[in-house]
Structure formats: structure tokens, C-alpha cells
Amino acid sequence: MIKSLLVYEIYLLKKNYLDKDEKTGDDMSDDKRSEEEMKMETEAVHASQDIDPTSRAVNPPINLSTTFERAEDESSQQRYIYSRENNPNRESLEECVARLEEGEAGIAFSSGSAAAMSSFQILSPGDHIICPDDMYHGIKHQIEAILERWGLKTSFVDMTEPKTVKEEIRPDTEMIWIETPSNPLLKITDIEKISEIAHENDALSVCDNTWGTPFFQKPLKLGCDLVVHSTTKYLGGHSDAVGGMLVVKKEDDIYKKIREIEVHGGACPSPFDCWLIRRGIKTLALRMQKHSENAMEIAKFLQEHPGVEKVYYPGLREHPGHEIAEKQMSSPGGMLSFRIRGGKEEALQAASDVKIFTQATSLGSVESLIEHRASVEGEANKTPEDLLRLSVGIEDPEDLIQDLDRALQASAV
Ligand SMILES: *Cc1c(COP(=O)(O)O)cnc(C)c1O
């Protein structure tokens, strides 16, 4: 433990040394943009995308090397040593997402689940955490099947009611986990209020911002200490790379602990995946805008449709979380769910009758997806059997609406 922390301290020292070096202009790369104050759209394109000093390539190369040559005296005042610890593509992704989330540092992981796992691993056996009762089912499973065996204590509560969260606080509560909008009912949690409750009780507040993305929601500015992402979704945006990300508000001891867990736990992403996700982020601003516009049109269409019982979308005035969503989100996003008139059979029928939407799990990509969540989440879930979840893509909204209309007519009871 002491040895590994030492290794980590040396890594940080080297990194600081090199950062300083860059600022004095001794570094060879063209870092002319990194000190500029840029808007998010500009950061998404340019942050950590310096011209490659050897080839002058506009896009950074993919560095697949697992190891890097040592300096002659072996003291190695060098940034990269071994790729599990750090590599240029990972560093570029981390820096970019940290800037978008307005945090001091980012840590990239091999998946969103690994990012979540590593943030729970900073806790100790016996510590208590509070999570939403409709938390992303994969992470709920991680807690129940793995972490509870290691002594983590958990309460799953309805987080749309800050009072319920307050009542659940115990002397050993160390973390409150927020996920908003939630999956698949699009429930909205007041990030600012829940973070306040966490801090009044010396607990960390963490937000899974996979659905909001930094373009629509900034948890760190609303009081959270950590932000978690499945970059597999909107940040990557093309259903072709699995990844995760964690951004810290402060580069403090918590950050060091998580970096330690990543480096020594080994849940690091490949350089190629980092490169793909960083590339995906370049169009994030445009994609998010289109996802959200399309979702709003589809929500309005479904709301009026005789074959539809109920629509869950925070952009609709009727949605119970609409006001809080307006306060903390700049746009309601590209995800929505609806309940079909009928039941499980009609829902499954509609999901297989669509032609442009693909019946598949996951979300956040350019193509539209439809999914019967109750079938995916298994028996313990509480998702209604007549519910379908849509990840609305960036296609033409009229085409998407026609597709849904056709499927709903075919499945009508
Ligand atoms: C997909 C998802 C995760 C898990 O991410 P992976 O990259 O699949 O491990 C976590 N949280 C939310 C909200 C998700 O949608």
C-alpha cells in the first residue's frame, strides 16, 4: 500500500513537473489553445487536441504502445512509463471531459460500470451509501451482488423527495449517489438539494450524468463532488466503444485514491477506445441539440396518440419533475419512455414492428433505439410491462414519428 502510494506520488510529481514545463514553453507540442477560456462547444472540438509535434498531424495519433522508453539516467522525468498507468490518448480524453464538466481532473475507465465500482471502492467496509431506488439496474446489481458482500451498507430510496433522503442519513453515511434523469421513468432529482443534504452530513455527493451530459447538466456546479459517466453512451455517441469517466471537482485526496484504484485495479480503457470517444465528443454539442429537439417532437406526438397511455419526458409540462428539470438542465435530453395502451404483448409487438428504430439496449447514439425495459431488467425490477424506452437518435423527426405511428397502429388493441 505504502509502496504503491509512493509510486503514485512520483507519478503526480512528474506530471506537475511536466505541466509546469509546458507552461514555460519548453514543451514541443503546440499548446497554444490550452490556456484560453473557451466555450463548451469550442472545448469539445479543441481541448487536448494539440498538433502532433513530430508529424504535424491535425488529429492526435493513436498510441498503442504499452511501454515508453526510459530516460538515460532512469530517473525518467517522463510523462508516460507504462500504458496501464497513463498514455497519451487516455490523458487527452480525461482532460477534455474534465474541462466540459468544469472539474479539476478526470479519470477514464474501461466502462461506466468500472467508473462506478472505483468510486465505491474509496469507501470502507461498514460505510453506508444512499442510492436512488430506480438506479441504473447494472450498477444496482453491482452493489447488491458484489459490494454488499464486501461490507458496503446501502439504502435505495425515492430521491425525488429530499425529505426521504434526509430520513435515511445515518452517522456512517459516506456517499449519496444521484442519477437524474432516471432510467427508465425519467424521474428528476434536485441535484443542488441532495448535495446540500450530503454535505451537511459530511458525505460525498456523486452524480451519474450519463443521460444529462455536460451540455445539458453540470452536477459539479450544482454542488456535487464527483461526476460519473458511461462514455459508451452520448459522449462516444456512435455505439462503437465502451468506456467510463469520472470527473472530480477538486484534485484532492479523493482523486488520488480513485486514480490509485484505477491504476492498480487495472480498469483502464484502451488507447483506441479513448481515441474513439474523444473523437465522438467533437460533435457532442450538435448531436445533443438534435437528440433533444427530436425527443420533444416525439414526446408531443405520443402524448396525443390514442394508442399511448402515458409519456415520461421531463420536457413536457405535465411531467412531475418538469420544474426542477427546467432549473438544473438546459434541455430535457434525448431519452423518453411511454406506456402503450394494452400490456406486455402490445409493447413487445410495437417494439418489433418499428423499422427505423432498432430494438436494442443501450442509448445515446446517432441511431434511434427502442427497448422493452421490463424484459431486460429481470424479475426484481418494478418497470411496468407496458413500457417502452426510446433513445431518440439524430435522424429526421418526421421519419421517426411515422415509424412509431405505423408500429402503434399495427399493435393497437
Ligand atoms: C449504461 C449506463 C451505465 C453503465 O455503463 P457501461 O459503460 O455499460 O458500464 C451507468 N449508468 C447509466 C445511467 C447508464 O446508462
Side-chain angles (χ1 to χ4, degrees), residues 90 93 97 101 106-121 129 131-147 156 159 175 177-189 191 206-217 219 224 226-247 261-262 265-270 272-274 276-277 280-281 284 288 291 295 312 314 321 329 332-337 360-365 369-371 373 376-378 381 383 389-393:
R90 190 161 99 203
L93 175 65
V97 182
E101 285 288 5
I107 308 176
F109 290 89
S110 50
S111 68
S113 304
M117 184 73 146
S118 302
S119 45
F120 296 133
Q121 283 174 328
I129 60 172
C131 301
D133 52 4
D134 59 346
M135 181 179 209
Y136 169 72
H137 79 113
I139 294 181
K140 188 163 190 233
H141 181 81
Q142 177 184 93
I143 292 169
E144 290 175 333
I146 305 167
L147 292 160
F156 295 100
M159 241 176 233
M175 182 185 281
W177 185 277
I178 301 166
E179 185 187 325
T180 182
S182 78
N183 184 5
L185 292 179
L186 284 294
K187 287 204 277 184
I188 302 292
T189 294
I191 300 176
V206 184
C207 182
D208 183 335
N209 198 25
T210 301
W211 284 30
T213 82
F215 276 94
F216 290 164
Q217 185 168 278
C224 285
L226 296 176
V227 175
V228 172
H229 279 282
S230 167
T231 53
T232 316
K233 317 292 170 54
Y234 286 109
L235 269 60
H238 296 74
S239 305
D240 55 10
V242 173
M245 191 78 198
L246 209 148
V247 178
I261 291 163
E262 186 215 29
C268 51
S270 81
F272 185 37
D273 287 342
C274 292
L276 277 173
I277 293 161
I281 291 172
L284 185 61
M288 289 317 290
H291 284 301
Y312 300 86
M329 300 179 82
M335 296 298 298
L336 68 91
S337 293
T361 197
S362 198
L363 60 108
S365 186
L369 302 176
I370 189 165
E371 187 176 41
R373 283 304 287 180
V376 180
E377 293 177 357
N381 85 90
T383 302
R389 189 187 81 179
L390 303 182
S391 170
V392 179

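As the structure lists them, so they are numbered: ligands from 1, and atoms in each ligand from 1. Atom set for the values below is all heavy atoms of this structure, side chains included, hydrogens, waters and symmetry mates excluded.
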Enumerated ligand 1 atoms positioned under 4.0 Å from heavy atoms of Trp211: 13 (C), 15 (O)

Within the distance-only criterion (no hydrogens, no angle test), does the side chain of Ser337 pair as donor or acceptor with the backbone N or O of Pro184 below 3.5 angstrom? yes

Can you confirm whether His137 is buried at NE2, in the sense that more than 12 heavy atoms of other residues, nucleotides or ligands lie under 6.0 Å from that atom? yes

Quick one: does Leu363 get within less than 4.0 Å of ligand 1, heavy atoms only? yes

Here the atoms of ligand 1 under 4.0 Å from any heavy atom belonging to Ile139 are 10 (C)

Counting only N and O atoms by type, is there a donor-acceptor contact under 3.5 Å from the side chain of Glu377 to the main-chain atoms of Thr383? no

Taking the minimum heavy-atom distance to atom 6 (P) of ligand 1, which of Gly244, Ala241, Ala116, Gly112 ranks first? Gly112

Give the single entry among Ser113, Ser182, Gly364 that approaches atom 9 (O) of ligand 1 most closely by any heavy atom. Ser113

Counting only N and O atoms by type, is there a donor-acceptor contact under 3.5 Å from the side chain of Gln217 to the main-chain atoms of Thr180? yes

Could you check atom 15 (O) of ligand 1 against the protein and tell me its nearest heavy-atom contact, residue, atom and distance included? Lys233 NZ, 2.8 Å

Note: Glu262-Arg90 ion pair, threshold 4.0 Å (strictly below): yes

May I ask you to list the atoms of ligand 1 that are less than 4.0 angstrom from any heavy atom of Thr232? 7 (O)

Among all protein non-hydrogen atoms, which one is nearest to atom 11 (N) of ligand 1, and what is the separation to 0.1 Å? Asp208 OD2, 2.7 Å

Residue selection (non-hydrogen contact nearest atom 5 (O) of ligand 1) among Ser230, Ser110, Pro181: Ser230

Say you draw a straight line from OG of Ser230 to CZ of Phe109; how long is it, rounded to the nearest 0.5 Å? 13.0 Å

Assess Gly243 for proximity to ligand 1: is some non-hydrogen atom of it under 4.0 Å away? yes

Any heavy-atom pair between the side chains of Lys187 and Asp133 that's under 4.5 Å? yes

Identify the protein heavy atom lying closest to atom 4 (C) of ligand 1, giving its residue, its atom name and the separation to 0.1 Å. Tyr136 CE2, 3.5 Å

Main chain of His229, side chain of Thr210: is a donor-acceptor contact present, judged purely on distance under 3.5 Å? no

